[in-house]
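Everything on this sheet refers to the single structure shown next.
In what follows, every chain begins at residue 1, and chains take the letters A, B, ... in the order their sequences are listed.
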Amino acid sequence: MSDAPIPETTPETPSGPFVYDYTTAPNRQVVLPKTVPLPGYRTYVAEQKALVEAEEAKWQKQLADFDTAKAKAEAEGKDAPKAPVKAVAKKNDTDMVFPAPTEAKDPTLLHLVNGLGDKVEEAFEQAGELTCQVAKEHILEALRLCREDAQLKFEMLADETATHYPAAQGFAFSVVYHLTSIARKKRLRLRILVPEGFEPESATQVYPSANWMEREIWDMLGIRFANHPNMIRILCPEDWEGHALRKEYPVVGWGQRDIDFREDRGGMLNRIAMEKAGQLGINLKRPKAE
Amino acid sequence: MGVMQPSALEQILITTKVEKVMNWSRATSVWPMTFGLACCAIEMMAAGAARFDFDRFGCGIFRATPRQADLMIVAGTVTYKMAPTIKLLYDQMPEPKWVIAMGSCATCGGPFDSYHTIQGVDKIIPVDVYIPGCPPRPESLFYGFMKLQDKIMSSSLADRYREIFEEVG
């Protein structure tokens, strides 16, 4: 869980004009994810290594248990217990296998990694897609290199978006830039990991099309971009509170949708008017249709 | 005294209430406002076009301004961002005015149980007729409109006093 700002109006105590009762709707409570499903070659290798080590440790423990049990049985004069058999990993028959990330081998990606030097945090390929994670302070240089280098020539910023990882340590968001090279028929994904409150440099200085995408990221996730020409909300109204695509944001919102411009929804004023009319001797009852 | 013969004037005249004449004229010349918010607007356009022909009911003249309109057909999803605009347009319509909530989204929010959708346009403006459907066929819109015509025909001048009393409280 990152140090995300917790809304001052807690769900238990709706205040102001908001009337949505969160306590009576337990199925609408927010469930924060516990894991960080951020794909990466290093984390994948570490995971695999940890898995193998866990298997080995389990096997060693089984052997040690067997040894102690054997010694105990010999001391008591009983039959020796069965020797343990090493478990063979089950074959995974499912078709929905997550494509494993592999080392960077594509010449385009290697050229980019060479050009950026130590600004690259990680570069890998996964399912034929190239991903390069760069340091968050140097994203503008990376984008400029991608656009202007003759061997890269990524003319188009196809998409720019972000994801919230509340369970991550050290960062809260990942911002991805999907670049397309029309001339070279190549696609590339740049990624930066951004902590809460950090303002990455705006990509509009290199790709003008990033303008609305960064406004959308600010609107939905609350990442502000430095040197952006017009850093305001794009989808929600400008007076909106909260950022809707954060994981701690409830689907039904914080009650903004429960606005009520009509004061007499319960018919109270109508009843009072009828009563007063009755006292004055005026018949306000609606005549029947002929 | 002999039998009263109807005069020549009475033979060519029909006597009725002023209220009924007013209601009849209002019900048969309702001018709706062009106000499509989502896919229900496509059905509303189909209803206005030649095959279904909304003009048969005297309400085919879709006005592009609320100041010339009597009826607002809210056709589509009402978002939080659109709500003040709807309220403003409704306030700009001259009296008497009516509202039809067309489709599931306008009546109750529809499938959008989310942070940005108003759960029914009746939270913003008073609604006369609700038409279910996702989206409703033009026939459904016609049926809802005929229900509105029935309502207009049964309305009374005392309704105005009722509203004044409401404002007074």
Side-chain angles (χ1 to χ4, degrees), chain A residues 7 11 17-20 22 25 27-28 30 219-220 233-246 248-290, chain B residues 16-17 19-21 23-24 27 77-91 99 105 108-128 146-169:
Chain A
F18 308 146
V19 292
Y20 189 84
Y22 286 81
N27 57 333
R28 292 180 179 181
V30 179
D219 193 356
M220 290 287 118
R233 286 180 179 271
I234 186 169
L235 298 174
C236 293
E238 287 180 29
D239 58 344
W240 192 266
E241 286 175 30
H243 301 283
L245 278 186
R246 289 190 179 212
E248 72 255 11
Y249 193 87
V251 174
V252 293
W254 290 341
Q256 285 99 330
R257 72 175 192 184
D258 297 316
I259 55 169
D260 199 346
F261 293 153
R262 298 181 62 205
E263 290 174 357
D264 191 19
R265 263 181 75 212
M268 180 61 77
L269 289 177
N270 198 13
R271 277 203 300 281
I272 292 169
M274 293 292 272
E275 275 175 25
K276 290 198 174 177
Q279 288 163 8
L280 292 170
I282 305 167
N283 186 16
L284 286 183
K285 291 246 171 73
R286 197 174 282 262
K288 277 189 180 173
E290 288 177 21
Chain B
T16 179
K17 288 190 285 183
E19 193 175 271
K20 202 176 173 190
V21 173
N23 285 342
W24 171 75
T77 318
V78 183
T79 56
Y80 175 86
K81 202 173 183 178
M82 194 68 190
T85 316
I86 292 175
K87 176 71 177 161
L88 182 70
L89 289 172
Y90 180 76
D91 288 345
V99 175
C105 298
C108 66
F112 304 107
D113 187 9
S114 56
Y115 61 96
H116 52 79
T117 307
I118 306 293
Q119 302 296 299
V121 75
D122 55 351
K123 295 201 171 183
I124 306 163
I125 51 177
V127 177
D128 294 293
M146 286 191 279
K147 285 284 165 195
L148 180 70
Q149 279 183 324
D150 290 350
K151 184 176 180 180
I152 296 170
M153 284 304 284
S154 65
S155 66
S156 132
L157 289 175
D159 289 351
R160 188 75 194 124
Y161 291 104
R162 190 204 304 270
E163 281 164 22
I164 291 168
F165 267 101
E166 273 184 18
E167 282 168 17
V168 172

Quiz item: Quick one: what part of B:Thr117 sits under 4.5 Å from any heavy atom of chain A, side chain, backbone, both or neither?
Solution: backbone
Quiz item: Between B:Tyr115 and A:Met220, what is the shortest heavy-atom contact and its length?
Solution: OH-CE, 3.8 Å
Quiz prompt | Contact summary for B:Asp113 and A:Val251, nearest pair of heavy atoms | solution = O-CG1, 3.8 Å
Self-check item: Minimal non-hydrogen separation, A:Pro237 against B:Lys81, with atom names
Solution: CG-CG, 3.7 Å
